[in-house]
Amino acid sequence: MHLQILFALVAMIALGAASAQEPYCESSCGNVNITFPFGSGEGCYYSSDFLVTCDRSSVVPTPLLRNISNLVISNMSTSMSELEIMMFIARDCYNISGSVRRERPWLRLGDIRISTKNRFVAIGCDTHAYFSGTRGNASDGSGCISTCGSNSLIRNGSCSGVGCCEVAVPDAMSSFEITLSSYYNHTNITDFNPCSYAFFVEEGKFDFSSNNLRDFGSVQKMPMLLDWAIGNTTCDTAREDVDNFLCKENSICDEDYEGPGYRCRCNEGYEGNPYLGCKNIDECQLQNHVCQHECIDTVGNYTCKCRKGYSGDGRKDGTGCTADQSMTIKIAVGSSVAAIFVIVFVNWLYFGLKKRKLMKLREKFFKQNGGIMLQQRISGDGGSHDQVKVFTIEELKTATNNYHESRIIGKGGFGTVYKGVLSDNRTVAIKKSKLPDQTESQIEQFINEVVILSQINHRNVVKLIGCCLETEVPSLVYEFIPNGTLSDHIHNKGKSSAFTWDIRLRIATETAAALSYLHSAASVPIIHRDVKPANILLDDSYVAKVADFGASKLIPMDQIELATMVQGTLGYLDPEYMQTNQLTDKSDVYSFGVVLVELLTGKRALSFDRPEEERNLAMYFLSSLRKGRLFQVLDENLQKNEDLKDIIKVSKLAERCLHVQGDERPTMKEVAMELEGILASKIQKHPWVQHPLNEDEAEYLLKEPTNGYECTDGANGNSSTFDSMSKHTILPIASGR
Ligand SMILES: *[C@@H]1O[C@H](CO)[C@@H](O)[C@H](O)[C@H]1NC(C)=O
Ligand SMILES: *[C@@H]1O[C@H](CO)[C@@H](O)[C@H](O)[C@H]1NC(C)=O
Ligand SMILES: *[C@@H]1O[C@H](CO)[C@@H](O)[C@H](O)[C@H]1NC(C)=O
Ligand SMILES: *[C@@H]1O[C@H](CO)[C@@H](O)[C@H](O)[C@H]1NC(C)=O
Ligand SMILES: *[C@@H]1O[C@H](CO)[C@@H](O)[C@H](O)[C@H]1NC(C)=O
Ligand SMILES: *[C@@H]1O[C@H](CO)[C@@H](O)[C@H](O)[C@H]1NC(C)=O
Ligand SMILES: *[C@@H]1O[C@H](CO)[C@@H](O)[C@H](O)[C@H]1NC(C)=O
Ligand SMILES: *[C@@H]1O[C@H](CO)[C@@H](O)[C@H](O)[C@H]1NC(C)=O
Ligand SMILES: *[C@@H]1O[C@H](CO)[C@@H](O)[C@H](O)[C@H]1NC(C)=O
Ligand SMILES: *[C@@H]1O[C@H](CO)[C@@H](O)[C@H](O)[C@H]1NC(C)=O
């Protein structure tokens, strides 16, 4: 269905420099001011990505980005590195006879990107919407599903999957393509909801109303924010090329965001366009100061002065201005003592009040984030949760050197992850999430997850150490895993050749064991929902640790499936879940199947650099397997491997995990057992590896007959790998009981 993109909105146009140019740089067009790096004449803009043309054919001139007639710029803020455009919305419309009208806008932007200050929103009662695009070399995407099962659940202003759904936009996406589809072709609902809609919209600029289900047809465009980065180098490299460095005087170079390139920002105390040079802000004139008596503007700042006969720093947030004691010294020593007393008292009162205000705020956040509930849950359970620690803001600030930039180890749509060192010298990862405002039930769920996760004690699951509830959005503290993500190791060419089959098989086995444990062994079944190599961390000896439970759901004991808003990562999302909204543990099995395929092929789950039929790795893998062409897709580092039989077994297992029908997929427990079997038979082939087996385990390991394969020697899997492997194999089996 999605092949018929009937509406190709914007074409990537190679702009010739030959067109006629005005000799000056236009400074505005209609209501929009245009400044460098944007511009319209020759030499007025930085690169063709930043070309703006002014279309004067209508009453109000409209600025167009890259001279593309549909790409209308509605606002521009060079100081914020932001650009607002009016972007078409995607729609899929049906009538009673089931015929469709489709409009699917897409955009490729180059140096300009989609700002994370947008949301991706879909409206409809039978609506699957997702977007995909590129972030640097990689592909990314996300999506959501909206249904109206029962109309009574539709709420104005809420996009939580009933009538309307929304997801965050990842950092640094430079293109997008929206795909809309429906499960029942809007059958039976065409009278009140004939269409599905999807669009990117600036946060706060769209408020869902139940009437939109019927009347959104008249809306053509939505405001969408773009931002940009210059070039593909770091600030330091860019600075070396003095002539082409764009950050002009009084500005700083900023590279504190995902993706290549840099941005310029005015220094504090300056304003204007950092790409042209920032100007001093006259804080005194703007009444933007804290002086008690007199304000004197300085370059980049201002100072305060007290009137004659007064002294102090003159700042309302400082000591202020107080009458000079020298004038009154003759009167009495006593009165000056009294004056000092008054000053001290006033200060004490002031700071005391300020401190109390801060404490109040923290208390508010603590309550708002469910701190009370958490405390009750912890204390009510007889201290069995002694692992979960509630941290204060100070502790986390100290641990992360006040959230210093150098401590950032990860960033994304979910928030920022910092590396920190606690007072007891433990290294931790601190995740500051950026959740949207939470409802009561979401808080309860968050607390639930904190409590449950803190109870999980599995060597292949990242351990939650504690949380901090005093900040506006709660922060989570995890154990620190030093060796990066599985995704790095698979896709980084330097690392992937050393990433042998043995290591891959063991990581797969450990991940399966962890997921199986979450599904069945943990006290309340947990569905991870976002299983992918980027969420599997590796420690120094390549032990897999499943991480990021941001999306996970607890499944109440009496339910085997749960209707939820579809969340996850495109390329890993279970197609059945996308169609039905019904979340089951088999959705994780599907995603794990994709992880297996990624381990086998070394290819990304979704890549728009590949030909159409190979874009979705899972589909490509399955079709290759069915055509008997497994070796065409296998990672070249695995091609010469002696363990081909194992590779084939794992491929067959992946095929079963990727079955379209969830019921046909094996459970995570079966997957884990099978992988453990394959791994165990491998150990059997290496009699020199000694490991302490107890009888039970030996029996289990012997159940899988060895095949006639002889492994040569330590040449392609040195003995230390096997050694550590054997250690790792036994434990998951043991803990699975
Ligand atoms: C555009 O520039 C003019 C003059 O420099 C200024 O007065 C006006 O406020 C600007 N408009 C916008 C929308 O920034
Ligand atoms: C913009 O496009 C119009 C028509 O598509 C063309 O006539 C015009 O020369 C273009 N302007 C620039 C600056 O490329
Ligand atoms: C344009 O952007 C500026 C800066 O972000 C903002 O202050 C202003 O309100 C915007 N104007 C409109 C009409 O949205
Ligand atoms: C449905 O739409 C098609 C084409 O858009 C049109 O030919 C047909 O008459 C419509 N059917 C009804 C019942 O409106
Ligand atoms: C992007 O691709 C180029 C060439 O294909 C490669 O040199 C570069 O390392 C890649 N960058 C990342 C971040 O993967
Ligand atoms: C939402 O607001 C509109 C008016 O803006 C109203 O007509 C409609 O009934 C409201 N819907 C719900 C579910 O409250
Ligand atoms: C939806 O429409 C397509 C063609 O437009 C058709 O092939 C498909 O069977 C329809 N599905 C349902 C559930 O009506
Ligand atoms: C549409 O209505 C018919 C008759 O009431 C019903 O049999 C059918 O299941 C409905 N289809 C959907 C998709 O709800
Ligand atoms: C960086 O940009 C330059 C100039 O646009 C280009 O020649 C070079 O290939 C780019 N490098 C990468 C790694 O993308
Ligand atoms: C301005 O001066 C005040 C007081 O001297 C100082 O605290 C502040 O950091 C200065 N601001 C800048 C941007 O330098």
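Given the structure is predicted, the values throughout are model-derived calculations rather than measurements. Atoms within a ligand are numbered from 1 in the order they appear, just like the ligands themselves.
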Contact (N/O only, under 3.5 Å) between Ser77 and ligand 3: no
Those residues that, when tested against Ser251, pass side-chain hydrogen bond (donor to acceptor under 3.5 Å, both in side chains) (two or more places apart): none
Proximal protein residues to ligand 6, non-hydrogen atoms under 4.0 angstrom: Ile154, Asn156, Ser209, Ser210, Asn211
Cysteines Cys165 and Cys144 with SG distance under 2.5 Å: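 The sulfur gammas are closer than 2.5 Å, so yes.
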Side-chain ion pair, Arg101 and Asp92, N-O less than 4.0 Å: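 Between Asp92 and Arg101 there is no salt bridge, as every charged N stays at least 4.0 Å from the carboxylate O atoms.
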Cationic N near anionic O, under 4.0 Å, Asp254 to Arg265: yes
Side chain to side chain contact (heavy atoms under 4.5 Å, CB included) partners for Asn250, two or more places apart: Asn267, Tyr270, Cys278
Contact with ligand 3 for Lys205, non-hydrogen, under 4.0 angstrom: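 Under 4.0 Å: yes for Lys205.
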Cationic tip of Lys248 above Tyr275 ring, under 6.0 Å, 45° of axis: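 No, cation not above the ring by the 6.0 Å, 45° rule.
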Within-cut-off N or O pair, Thr53 and ligand 2, under 3.5 Å: no
Those residues that, when tested against Glu82, pass salt bridge (Lys or Arg N to Asp or Glu O under 4.0 Å) (two or more places apart):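 Here the qualifying residues are Lys117.
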